[in-house]
Amino acid sequence: MPSVLDKGPVASILFEMWTWLRCMMPYTPYVAPFYPTPDAVISRVLDLTEVGPGDCLYDLGCGDGRVLLAAARRGARCVGYELDPDLARDAASAAQAAGLESLVRVVRADAATADVSDATVIALYLSDHGNSRLLHAVRSSLRPGTRVASFYFPVGLPSWEQRLLRADRTDGLAVYIYRAP
């Protein structure tokens with residue numbers, strides 16, 4: 001089955017519109033629409049968080065898995081949580097096609113239920129509300145000192161402002177790097 005992005009421009013636009021609509025519905029578990037993270041931003045996130053062998057990266061809302069694959073190519077173990085069944089399937093298929101299934105695990109579930117106690121790095125590309133909601137939900141398993149990278153939206157939780165290590169705005173696309181309290 002072709003991936004969400006391989007179904008052509010019209011299908012891709014309709015899927016994106018659907019992801020916007022469902023995250024605006026009342027009582028939805030979806031906290032952000034799907035936008036593929038640009039490759040240059042993925043590289044920057046992984047460079048700024050110094051991801052490499054020995055790391056375990058969790059991508060909360062992994063979409064089609066492109067952050068997971070890039071981190072796995074650097075030798076990191078990776079776990080992606082994705083609520084959308086089509087995107088979760090695409091992420092798992094991409095890992096298998098790249099021969100990285102031994103380093104990448106995709107969980108089709110609400111990222112708010114994730115146990116992130118193994119994480120050394122957490123990647124987020126959600127919304128300001130989504131970042132806050134998810135980090136609040138996983139706080140009991142989040143180890144102090146875990147590196148947290150957020151693309152485009154900062155983390156708006158109390159005590160996180162002073163945990164900001166860097167705000168990189170290369171090319172006008174912001175990446176925020178934190179150390180978990």
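When reading the values below, keep in mind they use all heavy atoms of this one structure, side chains included, and skip hydrogens, waters and symmetry mates. No experiment lies behind these values; they were computed from the predicted model shown.
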Under 4.5 Å between side-chain heavy atoms, hopping through other hydrophobics if needed: is there a path connecting Y81 to V106? no

Donor-acceptor list for residues 174-181 side chains, cut-off 3.5 Å, not counting sequence neighbours:
| residue | atom | partner | partner atom | Å |
| --- | --- | --- | --- | --- |
| Y178 | OH | V155 | N | 2.9 |
| R179 | NH1 | G145 | O | 2.9 |

Any side-chain heavy-atom pair from C78 and V104 closer than 4.5 angstrom? yes

Do the side chain of T28 and the main chain of M25 share a donor and acceptor less than 3.5 angstrom apart? no

Closest approach of V45 and A149, non-hydrogen atoms and distance? CG1-CB, 3.6 Å

Between CG on residue L173 and CZ on residue F151, distance to nearest 0.5 Å: 4.5 Å

Output yes when a side-chain donor or acceptor of T146 lies under 3.5 Å from a complementary backbone atom of T120, and no otherwise. no

Separation between CZ of R163 and CG of L157, rounded to the nearest 0.5 Å: 13.0 Å

With rounding to the nearest 0.5 angstrom, report the OG to OH distance, S127 to Y152. 12.0 Å

Atom CG of L126 and atom OG of S150: how far apart are they, to the nearest 0.5 Å? 7.0 Å

Taking atom CD as the centre, does E50 end up with more than 12 heavy-atom neighbours from other residues, nucleotides or ligands that are less than 6.0 angstrom away? no

May I ask whether L124 and L48 are part of the same hydrophobic cluster, defined by side-chain heavy atoms of I, L, V, M, F, W, Y residues being less than 4.5 angstrom apart, directly or through others? no

Using every non-hydrogen atom in the two residues, find where F34 and G63 come nearest and quote the distance to one decimal. CE1-CA, 3.9 Å

Under 3.5 Å donor-acceptor, N131 side chain and F153 backbone: yes

Distance from I42 atom CD1 to L68 atom CG, nearest 0.5 Å? 9.5 Å

Closest non-hydrogen atom pair between R89 and D86, with its separation: NH1-OD1, 3.2 Å

Minimum heavy-atom distance between V138 and A111, given as atom pair plus value: CG1-O, 3.7 Å

Shortest non-hydrogen contact from G156 to S132? N-OG, 3.4 Å

In terms of hydrophobic clusters joined by side-chain contacts under 4.5 Å, are V79 and V121 together? no

Cluster check V41, L165: I/L/V/M/F/W/Y, side chain < 4.5 angstrom: yes

Derivation of the side chain to side chain contact (heavy atoms under 4.5 Å, CB included) call for R147 and I122: CA-CA 6 Å; R147 300 172 321 258; I122 293 177; over 6 Å; no

Report the distance from atom CG of L57 to atom CG of L46, rounding to the nearest 0.5 Å. 7.0 Å

Correct closest heavy-atom pair for R44 and D168 would be NH1-OD1, 2.6 Å

Donor-acceptor pair, side chain of R77 and main chain of S102, under 3.5 angstrom: no

Residue pairs passing the salt bridge (charged side-chain N to carboxylate O under 4.0 Å, His left out) test with at least one member in residues 103-119, sequence neighbours excluded, are D110-R133

Which residues pass the salt bridge (charged side-chain N to carboxylate O under 4.0 Å, His left out) test with D47, sequence neighbours left out? R74

